[in-house]
Q: 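Structure provided below as C-alpha cells; questions to follow.
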Amino acid sequence: MFYHITKKVPFRKFHYDANFSKVSTVTNTKLITDYFYQGFPAKARQVFDEMPHRDLVTWTSMISGYTSNAYHSDALALFRDMLAAGVTPNAFTLSSVIKACKGMDLQTSGEMLHAQAVKHGVDRQEYVENSLLDMYAMCGRSMSEARAVFDCLMEKSVVSWTTMIAAYTHHGDGHAGIHLFRQMIQEGVELNQFVCSIVIRACASIKNRILGKQMHAATVKSGHDKVLPVGNSIVDMYCRCMSLLEAEQYFNEMHEKDLITWNTMISGFEQAIPQVALSLLIKMGSNDVTPNCFTYTSIASACANMAVLNCGRQVHGTIIRRGFVGNLQMGNALVDMYAKCGSIGDSQKVFNEMSRKDLISWTSLINGYGIHGYGKEAVELFDEMIISGIEPDSVAFMGVVSACSHAGLIEEGLKYFNLMKTEYNVLADREVYGCVVDLLGRAGKLTEAYELIQRMPFKPDESIWGALLGACKMHKNAKLGKIAAEEILNLKPKGAKTYVILSDIYGSCKQWDEFAETKKLIKETGSKKEAGMSWIELRDEVCSFVVGDTISPYTVSIYKTLRVLSKHMNDSGVVSDFNALQHNFEPVTR
DNA sequence: ACTTCTCGGG
C-alpha cells in the first residue's frame with residue numbers, strides 16, 4: 001500500500017535522516033508511477049512537488065508518466081527543469097522525452113535530444129535507438145531518414161520492426177509496411193500484439209481483405225486477438241475492406257469491448273449503412289459505454305449520409321450539451337452534415353463559429369457550396385482560404401473545380417485546374433481529372449473532354465468515361481457517346497446503366513435503328529439498371545421514392561404534383577430533359 | 001522504483 005509522505009514528516013530531524021529520506025524517495029516515486037498509471041497526473045505532480053528530495057528516477061518517472069498520459073509539453077518542460085537542477089539524464093529519461101517530441105511533432109527538439117544521447121553515451125542503447133527511430137519516422141516528411149537509421153541498426157528488435165511498419169502505414173504506404181512485415185517474418189522474429197495490430201491496420205489501409213483475414217487467423221492462433229487494440233484493428237479492417245458482415249460477426253463475438261471498439265464500428269458503418277451507426281449509438285449507451293467526440297463526429301456523418309436534417313439538428317443539440325463543439329473534427333463533420341442535409345445556412349454558421357479551422361473545414365464548406373450550386377461562393381471561399389495561409393490539396397481543388405462545374409463556371413474551373421501544377425505543385429489525381437472531364441463535358445466541350453481523357457497520366461476508369469457519357473447524353477452526341485459506352489463496357493461488361501444511357505442518347509438523336517439495337521441488347525443481357533432512390537424527411541418519418549414506384553402510399557399525389565411542377569416549368573420556359581426519359585418509362589399510376 | 005512499438009474522426 002502506498003501512502004503520501006511529505007516534508008511535514010517529523011522523523012526527518014533524527015540521525016537516520018539520510019536513510020529515511022532515501023526510503024521516502026523510493027516510496028514516493030512508486031506513488032508517482034502509480035498515480036500516472038491510474039491516470040491522475042495532477043496527483044502525481046503534487047507528490048513530486050512536495051517531495052523533500054528527488055533523484056534521477058523520480059524525475060524520469062514524472063517525465064515518462066506525463067508522456068504516457070499524452071501530457072507531452074509538460075514532459076518536455078519538466079525535462080528542462082531537470083537539466084536546470086543539474087541532474088544528468090539516463091537512457092530511461094531520454095527515451096521518454098524523445099517520445100514526447102514525437103507526440104508533439106518536434107523533430108528539431110528530437111534532434112537536440114539525439115545529440116544529448118550521444119553526449120551521454122546512450123544513443124546505441126536499444127530503447128533510445130527505437131524511440132529515436134520512431135521520432136524520425138513519424139516527424140519526418142518522408143521515410144528516407146528513418147529508413148537509413150533502421151538499416152544501420154546493429155540489432156533489429158521486434159520493436160524496431162513495428163516502429164517502421166507503423167510509420168510506413170501512417171505515411172499512407174501500407175504496401176511498404178506489409179513488405180517489411182514479410183521480411184520480419186523471414187528473419188524469424190516472433191509476433192507480438194503491437195505487430196499484429198499494426199499489420200492488420202496496414203491491410204485495412206490498402207483494403208486487402210484476404211491478407212487481413214490471414215492476419216486475423218494468425219492472431220487467433222497466437223492468442224493476440226484477445227488484446228483489445230488487436231481486436232479493434234480486426235473490426236476496423238473488416239469495415240474498411242467493406243466486409244461489414246464479418247465486422248459485425250467479429251464484433252459480436254468479442255468478449256470485451258471498449259469505447260474504441262464501438263467507435264470503430266460506428267465509423268465503419270457510417271457511410272455504407274448509416275442507420276446501423278445510429279442504432280449502435282443507442283446500443284452502446286445501454287452497454288454503459290459513454291460516447292465521446294469521436295463517436296459524435298461519425299454520428300454527424302451518418303446523419304449527413306442519410307440527409308436527415310431534423311435528426312442532424314437533434315444530434316447537434318446533444319453535441320452542444322456534451323460540450324464537444326470546440327473540437328475541430330467535430331466542427332468539420334457538422335459543416336459537412338448541414339450541407340448534405342440541405343441547410344447550407346447552418347453549414348456556414350457552424351463554419352463561422354469555429355475557433356480553429358483547418359484545410360478540411362474549408363474544403364467541407366467549399367464542397368457544400370458546390371452541392372448547392374453556389375459556384376461563385378465556392379470560388380470566393382477558396383481564395384479566402386488561400387489568403388488565410390492554408391495550403392490546398394487535391395481534395396480542395398476537386399471541391400472548387402466541381403463547384404465550378406455544377407455552376408457552369410467553365411473558365412474559373414479550368415483556371416484552378418491549371419493553378420494546381422503551376423502555382424501549388426499539387427498533383428491532380430484521377431478524381432480531379434474526372435471533375436475536369438465533367439466540367440468540359442457539361443459545357444459541351446466534348447472533344448476537349450475526350451482529348452483530356454486520352455492525355456491524362458492515368459488509365460481512365462469507369463467514372464471518368466461515365467462523366468463523358470453523361471455529357472454526351474446532355475449534349476446529344478452519339479458518336480463520342482458510343483466510344484465512352486464501349487470503354488465502360490470493356491471495364492464493366494454487364495453494366496445495364498451504360499446501355500440505358502446510350503439508348504437515351506440514340507433516342508434523343510433520333511437514331512432509331514441504333515436505339516432499337518441497344519434496347520435489344522439490354523433485354524438480352526437480362527440485367528436491370530439499379531433504380532436511383534430519393535428520400536425526404538416527413539415529420540418523424542423518412543419517405544423514399546424510386547422510379548416507377550407503385551408501393552408508396554403517396555404515389556398518386558406524387559405524380560399529380562409532378563405534373564403541376566412540369567407544367568410550371570414549361571410555362572416559365574425551362575427546357576426539361578423529359579424527352580430522353582419518355583423512352584424508358586411511363587409514370588405508373590394506380 | 002523509471003524507458004521504445006498497436007486501435008477510432010473529410
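So that the names make sense, note that chain A is the first sequence line, chain B the second, and so on, each numbered from 1. Keep in mind that what you see is a predicted model, and the values were worked out from it rather than measured.
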Q: Could A:D346 and A:R313 be called an ion pair, given the rule that one side-chain N must be under 4.0 Å from one carboxylate O?
A: yes
Q: Roughly how many Å is it from NE2 in A:H170 to P in B:dC5, rounded to a whole number?
A: 11 Å
Q: Which whole-number value in Å describes the distance from A:W59 CH2 to B:dT3 P?
A: 17 Å
Q: What is the distance, rounded to the nearest whole Å, between atom CD1 of A:I165 and atom P of B:dC7?
A: 12 Å
Q: Relative to each other, are the rings of A:F150 and A:W161 parallel, tilted or perpendicular (30° and 60° limits)?
A: perpendicular
Q: Any donor-acceptor pair under 3.5 Å joining the side chain of A:S233 to the base of B:dC7?
A: no
Q: In this structure, how many angstroms lie between the P atom of B:dA1 and the CZ atom of A:F48, rounded?
A: 19 Å
Q: Whole Å only: how far is the CE atom of A:M51 from the P atom of B:dA1?
A: 15 Å
Q: Which nucleotide, B:dG8, B:dG9, B:dT6, lies nearest any side-chain atom of A:N263?
A: B:dG8
Q: Consider the side chain of A:Q329, meaning its heavy atoms from C-beta on, and name the nucleotide among B:dG9, B:dA1, B:dC7 that approaches it most closely.
A: B:dG9
Q: On the nucleotide B:dC2, are OP1 or OP2 found under 4.0 Å from the side-chain N or O atoms that A:K30 carries?
A: no
Q: Could you tell me whether A:N367 contacts a base, only the sugar-phosphate backbone, or nothing, with contacts defined as non-hydrogen atoms closer than 4.0 Å?
A: nothing
Q: Could you check whether the rings of A:H216 and A:Y238 sit parallel, tilted or perpendicular, using 30° and 60° as the cut-offs?
A: perpendicular
Q: For A:I234, report the nucleic acid contact type (base, sugar-phosphate, nothing); a contact means any heavy atom under 4.0 Å.
A: nothing
Q: Is a salt bridge present between A:K156 and A:E187, judged by a nitrogen-to-oxygen distance below 4.0 Å?
A: no
Q: Check the distance between B:dC7's C1' and A:I200's CD1 and give it to me in whole angstrom.
A: 10 Å
Q: Which nucleotide, B:dG8, B:dT3, B:dC2, lies nearest any side-chain atom of A:N90?
A: B:dC2
Q: At under 4.0 Å between heavy atoms, what does A:D358 touch on the DNA or RNA strands: base, sugar-phosphate, or nothing?
A: nothing
Q: Answer yes or no: side-chain N or O of A:S95 and base N or O of B:dT3 forming a donor-acceptor pair under 3.5 Å.
A: yes
Q: When all nucleic acid strands are considered with a 4.0 Å heavy-atom cut-off, which category describes A:C196: base, sugar-phosphate, or nothing?
A: nothing
Q: Let's see if you can work this out: which of B:dC5, B:dG9, B:dT3 has an atom nearest to the side-chain heavy atoms of A:T162?
A: B:dC5
Q: Would you say A:R240 places a side-chain N or O within less than 4.0 Å of OP1 or OP2 belonging to B:dG9?
A: yes
Q: Name the closest nucleotide to the A:E126 side chain, picking from B:dG8, B:dC2, B:dT4.
A: B:dT4
Q: Go through the N and O atoms of the side chain of A:T363 and the base of B:dG10, and report whether any donor-acceptor pair is under 3.5 Å.
A: yes
Q: Please give, in whole Å, the distance from B:dT6 P to A:L228 CG?
A: 17 Å
Q: What nucleotide, of B:dG10, B:dA1, B:dC7, holds the atom closest to the side chain of A:D393?
A: B:dG10
Q: Check every atom of B:dA1, B:dC5, B:dG8 against the side chain of A:R201 and return the nucleotide holding the closest atom.
A: B:dG8
Q: Does B:dT4 have OP1 or OP2 under 4.0 Å away from a side-chain N or O of A:K102?
A: no
Q: Which nucleotide sits closest to the side chain of A:S197: B:dT4, B:dG8, B:dT6?
A: B:dT6
Q: Given B:dT6, B:dG9, B:dC5, identify the nucleotide with an atom nearest to the side chain of A:Q193.
A: B:dT6
Q: Does A:F251 have A:K257 sitting over its ring (NZ/CZ under 6.0 Å from centre, angle to axis within 45°)?
A: yes
Q: Hey, does A:T163 reach any base, or is it just sugar-phosphate, or nothing, if we go heavy atoms under 4.0 Å?
A: sugar-phosphate
Q: Considering every strand and a 4.0 Å limit on heavy-atom distances, what is the contact class for A:A91: base, sugar-phosphate, or nothing?
A: base
Q: With a 4.0 Å limit, can you tell me whether A:H224 has a side-chain N or O closer than that to the phosphate oxygens OP1/OP2 of B:dC7?
A: no
Q: Is the charged tip of A:R54 near the ring of A:F48: under 6.0 Å from the six-membered ring centre and within 45° of its axis?
A: yes
Q: Mind telling me whether A:Y296 and A:F324 have parallel, tilted or perpendicular rings, with 30° and 60° as the class edges?
A: tilted
Q: Side-chain donor or acceptor of A:N327 under 3.5 Å from a matching atom on the base of B:dG9?
A: yes
Q: In terms of side-chain heavy atoms of A:Y127, which of B:dG9, B:dT4, B:dC5 is nearest?
A: B:dT4
Q: Verify the stacking flag for A:F92 against B:dT3: centroid separation must be under 5.5 angstrom and the ring planes must differ by under 30 degrees.
A: yes
Q: Rounded to the nearest angstrom, tell me the gap between atom CG in A:L113 and atom C1' in B:dT3.
A: 14 Å
Q: Ignoring hydrogens and geometry, is there a side-chain-to-backbone donor-acceptor pair from A:H114 to A:G110 under 3.5 Å?
A: no
Q: Under 4.0 Å, counting only non-hydrogen atoms across every strand here, what does A:D134 touch: a base, just sugar-phosphate, or nothing?
A: sugar-phosphate
